[in-house]
Amino acid sequence: MTVWEIVMIQMKNTDKKIAIIRNRKRQSEQVYQDLKQKLKQNGFILTPKNPDIVISVGGDGMLLSAFHMYEEQLDRVRFVGVHTGHLGFYTDYRDFELDKLVENLKLDTGAQVSYPILNVKITFENGDTRTIRALNEATIKRSDRTMVADVIINRVHFERFRGDGISVSTPTGSTAYNKSLGGAVLHPTIEALQVTEIASLNNRVYRTLGSSVIVPKKDKIELVPTRSDYHTIAVDNQTFSFKNIVRIEYQIDNHKIHFVASPSHTSFWNRVRDSFIGECKE
């Protein structure tokens with residue numbers, strides 16, 4: 001690439017609109033102020049309205065919030081994460097790498113890395129429906145006692161579950177709550193969902209599979225509670241309480257989340273290693 005080509009790319013990309021989302025911690029606020037100044041100095045347009053790129057400052061929770069804030073614009077927006085703590089699975093930059101981030105944005109050509117997300121459709125007794133997207137997972141629990149629900153996979157009645165609840169995760173979400181439940185780590189290029197039981201009740205009377213299940217993209221997962229009282233549904237970092245649920249359907253969504261692809265974008269296996277194993281020691 002010639003110097004002239006680099007200059008033209010920089011001129012083109014400084015017209016991009018960027019939104020910065022941060023949490024309320026002091027360190028994140030300082031990073032936000034520093035980053036905002038650097039981006040302005042380099043000619044970027046800072047606006048929360050219809051951005052081309054969304055930068056989250058904080059941790060994975062902040063990236064989840066940014067995703068839900070712009071989930072209706074997934075086809076046109078890309079995300080970048082800057083983490084200010086000790087662990088950031090979705091973040092490519094540390095708080096001391098702001099100059100590197102700005103330089104990469106100046107050279108940005110629009111390249112992206114895309115991950116599948118989860119579509120959750122809830123149907124109620126009166127016929128109303130509610131659709132929610134998840135980047136990590138969606139879990140359901142009965143509010144005050146053991147949850148009983150029929151699990152149907154690709155129109156096949158799989159099991160009647162009894163226990164605390166059920167989690168359905170995306171491939172990237174497989175490293176979050178799903179992993180702590182004993183589920184498998186799934187690479188995001190494998191567009192599949194994972195169903196993981198939460199403290200299932202297994203004895204000589206009641207029986208479930210007792211292990212996580214990987215479900216391919218073409219198959220729909222249905223959950224049918226046997227009781228119509230209140231259930232708690234957690235979608236990423238959002239929690240809802242619903243009554244009179246008839247059915248919950250889980251599928252891979254038609255949209256994906258897109259991250260800015262740059263030399264600093266960390267591969268999935270590097271993320272897994274850095275997050276859970278660290279440097280290998282002799």
Side-chain angles (χ1 to χ4, degrees), residues 64 67-68 71 116-186 190-254:
L64 290 173
F67 163 77
H68 287 289
E71 66 176 272
I117 60 175
L118 171 64
N119 182 288
V120 183
K121 181 182 177 182
I122 306 168
T123 302
F124 301 93
E125 285 183 356
N126 62 1
D128 290 346
T129 61
R130 172 91 180 259
T131 301
I132 311 172
R133 291 189 177 109
L135 177 56
N136 271 357
E137 76 280 311
T139 64
I140 179 171
K141 300 179 180 180
R142 195 170 170 193
S143 297
D144 58 350
R145 63 190 68 183
T146 299
M147 187 183 84
V148 183
D150 289 317
V151 179
I152 302 166
I153 302 177
N154 197 28
R155 297 187 297 275
V156 173
H157 184 276
F158 186 71
E159 65 181 16
R160 171 158 287 189
F161 172 85
R162 291 176 173 84
D164 284 357
I166 286 179
S167 170
V168 179
S169 67
T170 66
T172 49
S174 69
T175 60
Y177 187 38
N178 169 78
K179 184 177 180 299
S180 70
L181 294 172
V185 173
L186 196 62
I190 304 171
E191 294 191 33
L193 298 176
Q194 188 166 178
V195 183
T196 308
E197 300 175 354
I198 306 173
S200 58
L201 182 60
N202 283 291
N203 53 39
R204 64 184 181 86
V205 178
Y206 304 121
R207 178 64 54 187
T208 66
L209 183 64
S211 65
S212 64
V213 180
I214 309 297
V215 178
K217 179 180 180 179
K218 67 179 182 64
D219 289 356
K220 179 191 296 185
I221 302 163
E222 297 178 73
L223 203 65
V224 181
T226 61
R227 294 184 178 273
S228 60
D229 52 0
Y230 281 100
H231 289 77
T232 299
I233 296 179
V235 179
D236 293 335
N237 55 358
Q238 306 175 99
T239 302
F240 308 92
S241 181
F242 295 123
K243 191 178 182 181
N244 299 324
I245 295 175
V246 172
R247 175 181 291 100
I248 307 176
E249 300 167 72
Y250 305 87
Q251 288 181 297
I252 294 287
D253 197 82
N254 292 328

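The analysis underlying the following values was restricted to heavy atoms, covering all of them including side chains, and did not include hydrogens, waters or symmetry mates.
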Show me the donor-acceptor pairs within less than 3.5 Å that the side chains of residues 153-160 make with the rest of the protein, sequence neighbours left out.
| unit_1 | atom_1 | unit_2 | atom_2 | d |
| --- | --- | --- | --- | --- |
| Asn154 | ND2 | Asp219 | OD1 | 3.4 |
| His157 | NE2 | Asp150 | OD1 | 3.0 |
| Glu159 | OE1 | Leu209 | N | 2.9 |
| Arg160 | NE | Asp150 | OD1 | 2.8 |
| Arg160 | NH2 | Asp150 | OD1 | 3.4 |
| Arg160 | NH2 | Asp150 | OD2 | 2.9 |

Hey, can you pull the donor-acceptor pairs under 3.5 Å for the side chains in residues 120-128, sequence neighbours left out?
| unit_1 | atom_1 | unit_2 | atom_2 | d |
| --- | --- | --- | --- | --- |
| Asn126 | OD1 | Asp128 | N | 3.0 |
| Asn126 | ND2 | Asp128 | OD2 | 3.1 |

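Heavy atoms only, all atoms of each residue included: Ala192 and Pro216 are closest at CB-CA, 4.2 Å. Scanning both residues, Asn136 and Ala176, for their nearest heavy atoms gives ND2-CB, 3.8 Å. Between Ser212 and Ala184, the shortest heavy-atom contact is OG-N, 4.0 Å. Across all their heavy atoms, Val168 and Leu118 have their closest contact at O-CD2, 3.5 Å.
At distances below 3.5 Å, at least one donor-acceptor pair connects side-chain atoms of Asp236 with backbone N or O atoms of Leu135. When atom types are taken as modelled, the side chain of Asn178 and the backbone of Glu137 share no donor-acceptor pair closer than 3.5 angstrom. Side chain of Ser200 to main chain of Glu197: no donor-acceptor pair is present (N/O by atom type, distance under 3.5 Å, no hydrogens or angles). Judged purely by atom type and a 3.5 angstrom limit, Arg162 has no side-chain atom pairing as donor or acceptor with the backbone of Thr146.
No side-chain heavy atom of Val151 sits less than 4.5 Å from a side-chain heavy atom of Val213. Side chains of Met147 and Ile140 form a contact here, defined as non-hydrogen atoms less than 4.5 Å apart. Between Pro225 and Ile245 there is a side-chain heavy-atom pair separated by less than 4.5 Å. Proximity of Phe242 to Ile233: side-chain heavy atoms (C-beta onward) are separated by under 4.5 Å at one or more points. Within the 4.5 Å cutoff, the side chain of Ile221 has no heavy atoms near those of the Ile152 side chain. Contact of the His231 side chain with the Phe240 side chain is not registered, since no non-hydrogen atoms from C-beta on lie closer than 4.5 Å.
For the pair Arg133 and Phe67, the cation-pi criterion (under 6.0 Å, within 45° of the ring axis) is not fulfilled.
The pair Arg142-Asp229 meets the salt-bridge criterion, with a side-chain N (NZ, NE, NH1 or NH2) lying under 4.0 Å from an Asp/Glu carboxylate O.
With a 6.0 Å radius and a threshold of 12 heavy atoms from other residues, nucleotides or ligands, Arg227 has its CZ atom at or below the threshold.
With values rounded to the nearest 0.5 angstrom, Ser169 atom OG is found 4.5 Å from Gln194 atom CD. Separation of atoms OG (Ser167) and NZ (Lys141) is listed at 9.5 Å; rounding is to 0.5 Å. Rounded to the nearest 0.5 Å, atoms NE2 (His68) and CD1 (Ile132) are 9.0 Å apart. Here CZ of Phe161 is found 7.0 Å from CD1 of Ile198. Values are rounded to the nearest 0.5 Å. Atom-to-atom distance recorded for Ile117:CD1 and Glu191:CD is 11.0 Å, nearest 0.5 angstrom. Atom OG1 of Thr170 and atom CD1 of Ile252 lie 7.5 Å apart (nearest 0.5 Å).
Checked against Tyr250 for a side chain to side chain contact (heavy atoms under 4.5 Å, CB included), the options Ile166, Val195, Leu223, Val215 give a single hit: Leu223.
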